[in-house]
Amino acid sequence: MKLLNKRAIVTGGTRGIGKAIVKELVQNGCNVVFTYFSSDESARSLENELSNESVKVFGFKADASSFAAADETVKFAIEKLGGVDILVNNAGITKDTLMLRMSESDFDLVINSNLKSVFNYTKAILKTMISQRFGKIVNISSVVGIVGNPGQANYVASKAGVIGLTKSNAKELASRNINVNAVAPGFIETDMTDKMNDQQKEAILSNVPIKRLGKPEDVAKTVLFLCSSDSDYITGQVLTVDGGMVM
Ligand code: NAD
């Protein structure tokens, strides 16, 4: 119970890595508001699965790329949970294609969903965290934001931007007792990577020393560490969870 009675917002919480993070936080005693983009049914089912007498879990429909919706999410979380101690910026999308074919709208959509969303939620939560002189912010980046990847210029730019935002915010907010860190997953088995064929997966595995794709839970456990007091002296870092792919 590393997060007993803490209160968190997790963006994009109904599937994949986000869902594993919500579960990990709840299992450690944390009350959670997770956001979702479309499926009311998945949101209600996750609320029912995880809520119990000691932990509150609420889904809130919000497009992470909307500045106004981030503000509404924070208001909702404060109303339902009484405050917010932890923010996990997880929501993200891909729209892969070669730079030559990439449209302006593909670029804008990915930057807004993956990078501006982190700005939106951090901005919306900041006054609350500063006034309580406590906060843990964890941003989900990607290893490709560190090393680059052909066919993903928009996605890579967004994830490299998340790392820059993480480091700047860590320096600005350290004196307020707010830790800001990033997690950079490698290839994790979710809907996002399901689009790859077996040949592509084999090619990736050949560069993973631990010789398996990651699981959402591998990322969730690292997020738990960065949300807990075990990491109080860590800020502005990017923790790769990639089976040793990037080192
Ligand atoms: P996923 O597609 O399974 O889940 C992404 C979640 O984000 C979904 O619930 C989706 O509804 C939500 N989302 C997307 N855009 C949103 C928006 N504008 N507003 C609200 N919610 C939105 O993907 P995943 O693999 O679980 O990815 C989670 C995070 O991890 C993403 O930021 C992704 O870039 C990152 N990541 C994933 C991998 C991987 O291998 N799967 C690797 C590196 C980084």
Side-chain angles (χ1 to χ4, degrees), residues 9-24 32-43 45-46 59-73 76 87-96 105-106 108-121 124 138-149 152 154-163 165-166 182-196 200-201 203-205 207-208 210 212-220 222-223 238-243 245-246:
I9 291 175
V10 179
T11 66
T14 48
R15 62 169 205 247
I17 293 170
K19 187 175 182 179
I21 293 169
V22 172
K23 285 187 175 177
E24 191 69 43
V32 176
V33 164
F34 64 85
T35 70
Y36 64 101
F37 196 47
S38 52
S39 171
D40 293 320
E41 202 186 326
S42 319
S45 129
L46 191 61
F60 187 76
K61 198 173 200 167
D63 177 356
S65 65
S66 155
F67 189 71
D71 221 38
E72 284 163 21
T73 311
F76 176 83
L87 167 65
V88 183
N89 284 303
N90 163 77
I93 57 163
T94 51
K95 272 245 166 238
D96 298 349
S105 63
D106 283 349
D108 289 346
L109 184 65
V110 172
I111 295 290
N112 288 337
S113 305
N114 298 5
L115 175 59
K116 183 163 177 280
S117 58
V118 179
F119 170 80
N120 293 341
Y121 274 85
V138 181
N139 300 323
I140 307 299
S141 177
S142 167
V143 287
V144 298
I146 302 169
V147 296
N149 206 23
Q152 288 198 305
N154 48 2
Y155 183 76
V156 169
S158 73
K159 294 300 186 180
V162 167
I163 292 174
L165 199 53
T166 300
V183 173
F187 282 84
I188 310 297
E189 284 180 307
T190 67
D191 290 353
M192 191 175 267
T193 46
D194 235 21
K195 300 166 197 161
M196 288 189 302
Q200 288 170 311
K201 285 186 185 167
I204 288 158
L205 269 179
N207 290 314
V208 178
I210 290 183
R212 67 166 174 86
L213 296 178
K215 299 198 243 350
E217 293 72 25
D218 293 317
V219 180
T222 308
V223 171
V238 184
L239 253 173
T240 53
V241 181
D242 65 349
M245 195 165 56
V246 171

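Position 1 is the first residue of the sequence, and the numbers go up from there. Remember, it's 1-based here, ligands and their atoms both numbered in the order they're listed.
- Taking Ala160 as the reference, nothing meets the side-chain contact (heavy atoms from CB on, under 4.5 Å) condition, with sequence neighbours excluded.
- For the side-chain hydrogen bond (donor to acceptor under 3.5 Å, both in side chains) criterion with Tyr121, the lone passing option out of Thr73, Asn139, Asn89, Thr35 is Thr73.
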Write none if no such pair exists; otherwise list each N/O atom of ligand 1 with its protein N/O partner under 3.5 Å and the distance.
{"unit_1": "ligand 1", "atom_1": "2 (O)", "unit_2": "Arg15", "atom_2": "NH2", "d": "2.8"}
{"unit_1": "ligand 1", "atom_1": "3 (O)", "unit_2": "Arg15", "atom_2": "NE", "d": "3.1"}
{"unit_1": "ligand 1", "atom_1": "18 (N)", "unit_2": "Asp63", "atom_2": "OD1", "d": "2.9"}
{"unit_1": "ligand 1", "atom_1": "19 (N)", "unit_2": "Ala64", "atom_2": "N", "d": "2.7"}
{"unit_1": "ligand 1", "atom_1": "25 (O)", "unit_2": "Thr190", "atom_2": "OG1", "d": "2.5"}
{"unit_1": "ligand 1", "atom_1": "26 (O)", "unit_2": "Ile17", "atom_2": "N", "d": "2.8"}
{"unit_1": "ligand 1", "atom_1": "32 (O)", "unit_2": "Asn90", "atom_2": "O", "d": "2.7"}
{"unit_1": "ligand 1", "atom_1": "32 (O)", "unit_2": "Lys159", "atom_2": "NZ", "d": "2.8"}
{"unit_1": "ligand 1", "atom_1": "34 (O)", "unit_2": "Tyr155", "atom_2": "OH", "d": "2.5"}
{"unit_1": "ligand 1", "atom_1": "34 (O)", "unit_2": "Lys159", "atom_2": "NZ", "d": "3.1"}
{"unit_1": "ligand 1", "atom_1": "40 (O)", "unit_2": "Gly186", "atom_2": "O", "d": "3.3"}
{"unit_1": "ligand 1", "atom_1": "40 (O)", "unit_2": "Ile188", "atom_2": "N", "d": "2.8"}
{"unit_1": "ligand 1", "atom_1": "40 (O)", "unit_2": "Ile188", "atom_2": "O", "d": "3.3"}
{"unit_1": "ligand 1", "atom_1": "41 (N)", "unit_2": "Ile188", "atom_2": "O", "d": "3.2"}
{"unit_1": "ligand 1", "atom_1": "41 (N)", "unit_2": "Thr190", "atom_2": "OG1", "d": "3.1"}

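- In this structure, Asp218 pairs ionically with Arg212, as a charged nitrogen and a carboxylate oxygen lie closer than 4.0 Å.
- In terms of the side-chain hydrogen bond (donor to acceptor under 3.5 Å, both in side chains) criterion, residue partners of Ser42 (sequence neighbours excluded) are, by chain and number, Ser39.
- Lys23 meets the salt bridge (charged side-chain N to carboxylate O under 4.0 Å, His left out) test with Glu49; sequence neighbours excluded.
- Counting heavy atoms of neighbouring residues, nucleotides and ligands inside a 6.0 Å radius, atom NZ of Lys201 exceeds 12 of them.
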